[in-house]
Number of protein chains: 2
Amino acid sequence: MSRSTNPVGAEAAQQHPRATRREPLSRERVLSAALALVDAEGVEALTMRRLARDLGCNAMALYRYAASRDELLDGVVETVLAELVIAPDGSGWEDRLRSIAHEFRRLALAHPRVVPLVVTRPLATPLGLRPLGTVRPLEMLLAMLVDAGFAPTDALRVYRAYFGFLYGHVLTELQELVASPEESDDLLRLGLHRLPPQEFPYVRSLATELAHYDGAAELDQGLDILLTGLSGHRRPRTTVG
Amino acid sequence: MSRSTNPVGAEAAQQHPRATRREPLSRERVLSAALALVDAEGVEALTMRRLARDLGCNAMALYRYAASRDELLDGVVETVLAELVIAPDGSGWEDRLRSIAHEFRRLALAHPRVVPLVVTRPLATPLGLRPLGTVRPLEMLLAMLVDAGFAPTDALRVYRAYFGFLYGHVLTELQELVASPEESDDLLRLGLHRLPPQEFPYVRSLATELAHYDGAAELDQGLDILLTGLSGHRRPRTTVG
DNA sequence: TTGTGTAAGTCTACGGTGTAGACCTATAGT
DNA sequence: ACTATAGGTCTACACCGTAGACTTACACAA
């Protein structure tokens, strides 16, 4: 964020609406407009000129707040991830992981067109060079797990298994897109009628199950498997009652 | 660089283009060149003009073999996924899932820059409208699981959990990118020195573990958890072995 | 032979893209 | 009053995907 005026002098924040045609730009305003645009029309719609138009400014003005389009995309990811609230203390680490997982799923469903960015952007950038907001969930989860009694190394392993599972679940759930929601026939809704019947008998026969995916339930089942597996394999140093 | 390959003049009229006409284009040739380009320089390097240059033809010629750049990307995904060999019968479903998982991981490591496409492209297209080569693994796994005694509905659930886990693992493993492989210090290799120490104590302290990720081992541990979990929760109709 | 249809590839052009660099302009600090 | 600077604009460039018309080369019927 921009460094505000020093608290030494009187706050000179007198802003005259005359001075600026519209309320002034800011990184936050730019990023939230960018997120809105991606949510509404997808990543490819986020161009500098288009975003500038939405904000009522010149395209080049955006470069004061993001060094490039790529950094803009990173900023969008950061903005979404900042919404991920880590459940407060008071419950065991398993319950907290459960809660965070559902929170993450909620975010993914709220911003489905950002998900590709979330899972993909980190692949291009080494950990230490990523936007801080992207690394923060990792740090917070490690802290939580260590706090719950895990040795740091085990905490990292749990984190990896857990977040990998989470990414995978979200991707899987979002893949169950319906081609034409208004269509009543499940086969048609998913476009499955275009698959050669003799080559894809099972996929076609599972049209109904494919069309109705209870993501929350499936997430819970996965968490059951994962958490009991993690508890069984490597226990925290201290038992958390 | 002359017409040495085809001395007979009967059907060897190939003089006009500035570059010597090599063997004719084909969808396979185009896609394999596209894959090579993505492997070498990343997705953003795959432009029509650049690919055409690599193939020694005009950019517009490519449209005879792919309707658009997007379809080209789908083709690249299909090409990679076609390499995924499903283990033959003779072993139990759990062993086969294990083998396929390692095969998938091998592919991901062999084509890291294609992975974003693999996990991301399906999000844009409903199941039935995807390239057939993309749906084939789903069909094959369903067939295998049903063959192993699962009810189709359970097979689908297993598939979802399994492939979700697989996607997640691969994404997680590929995220452990080293900024500068030649650097000896783990902290520096991952660029972790740029993280504020007081805000990211755990991430920084785990530099060594982050830099040395035994992906195969972690995959196996995850598979252990997943498969025992799956066996425990929903059994096949008939007991195998 | 000639004519014709067709597939493969080329050329040109259009509207769009990210962004470098020069420029403008209103304000803050001296 | 002067000037430095931050915020925003303008212009320009190289590149992008691709529509549409054009050029071939060749198979085959007459």
Side-chain angles (χ1 to χ4, degrees), chain A residues 1-31 33-34 37-38 41-76 117 124, chain B residues 3 6 8-31 33-34 37-38 41-76 124:
Chain A
M1 193 76 67
S2 63
R3 50 181 164 85
S4 55
T5 55
N6 281 342
V8 169
E11 17 70 75
Q14 290 265 51
Q15 45 185 6
H16 289 65
R18 263 210 78 171
T20 57
R21 294 199 277 260
R22 311 154 195 283
E23 51 183 314
L25 290 177
S26 68
R27 178 147 226 263
E28 192 185 329
R29 233 166 76 77
V30 168
L31 289 186
L37 183 51
V38 172
E41 308 187 25
V43 186
E44 66 283 355
L46 176 55
T47 73
M48 305 306 274
R49 288 170 170 87
R50 170 64 197 277
L51 179 58
R53 185 154 64 78
D54 287 2
L55 284 164
C57 71
N58 187 280
M60 297 308 290
L62 301 174
Y63 286 88
R64 302 273 171 195
Y65 306 97
S68 66
R69 178 174 185 264
D70 271 7
E71 205 191 275
L72 217 49
L73 295 178
D74 279 336
V76 169
L117 294 179
Chain B
R3 57 212 163 82
N6 203 347
V8 184
E11 68 266 21
Q14 64 212 29
Q15 280 310 78
H16 268 266
R18 11 184 101 117
T20 54
R21 270 276 57 73
R22 313 190 39 160
E23 50 183 311
L25 290 178
S26 68
R27 178 148 225 266
E28 191 186 329
R29 233 166 76 77
V30 168
L31 289 184
L37 183 51
V38 172
E41 307 187 27
V43 186
E44 65 283 357
L46 177 54
T47 71
M48 305 305 274
R49 288 170 168 88
R50 172 61 197 277
L51 179 57
R53 186 153 63 77
D54 287 2
L55 284 163
C57 72
N58 186 282
M60 295 310 290
L62 301 174
Y63 286 88
R64 302 273 170 195
Y65 307 98
S68 67
R69 178 174 184 264
D70 271 7
E71 204 190 277
L72 217 49
L73 296 178
D74 279 336
V76 169

Between [N] ([atom2]) and [X] ([atom1]): distance, integer Å:
X: B:L62; N: C:dT10; atom1: CG; atom2: P; answer: 9 Å
X: A:L72; N: C:dT17; atom1: CG; atom2: P; answer: 14 Å
X: B:R53; N: C:dT10; atom1: CZ; atom2: C1'; answer: 18 Å
X: B:N58; N: D:dG17; atom1: CG; atom2: P; answer: 13 Å
X: B:M48; N: C:dC11; atom1: CE; atom2: P; answer: 16 Å
X: A:L46; N: C:dG18; atom1: CG; atom2: C1'; answer: 12 Å
X: A:L55; N: D:dG8; atom1: CG; atom2: P; answer: 10 Å
X: B:E71; N: D:dT18; atom1: CD; atom2: P; answer: 10 Å

[options]: which one has an atom nearest the side-chain heavy atoms of [X]?
X: B:R69; options: C:dG9, D:dG17, C:dT19; result: D:dG17
X: A:M60; options: C:dT19, D:dG7, C:dA13; result: C:dT19
X: B:L25; options: D:dG8, D:dG17, C:dG9; result: C:dG9
X: B:A59; options: D:dT18, D:dT9, C:dT17; result: D:dT18

(request) Give one of base, sugar-phosphate or nothing for A:R64, where a contact means two heavy atoms less than 4.0 Å apart. (result) base
* To do: With the side chain counted from C-beta on, respond yes when A:V76 and A:V43 share a heavy-atom pair under 4.5 Å apart, and no when they do not.
  => no
Is any side-chain heavy atom of B:L55 closer than 4.5 Å to one of B:L51?
yes
| query | Can you find an N or O donor on one side and an acceptor on the other, under 3.5 Å apart, linking the side chain of A:R49 with the base of C:dG16? | reply | no
**Asked** Is there a donor-acceptor pair under 3.5 Å between the side chain of A:R69 and the backbone N or O of A:M48?
**Response** no
Next on the checklist: Has A:R27 got a side-chain atom pairing as donor or acceptor with A:Y65's backbone, closer than 3.5 angstrom?
Outcome noted: yes
By nearest-nucleotide position on DNA chain D, the 5'-leaning member of B:Y63 and A:Y65 is A:Y65
Applying side chain to side chain contact (heavy atoms under 4.5 Å, CB included) to A:R53 and not counting sequence neighbours gives A:R50
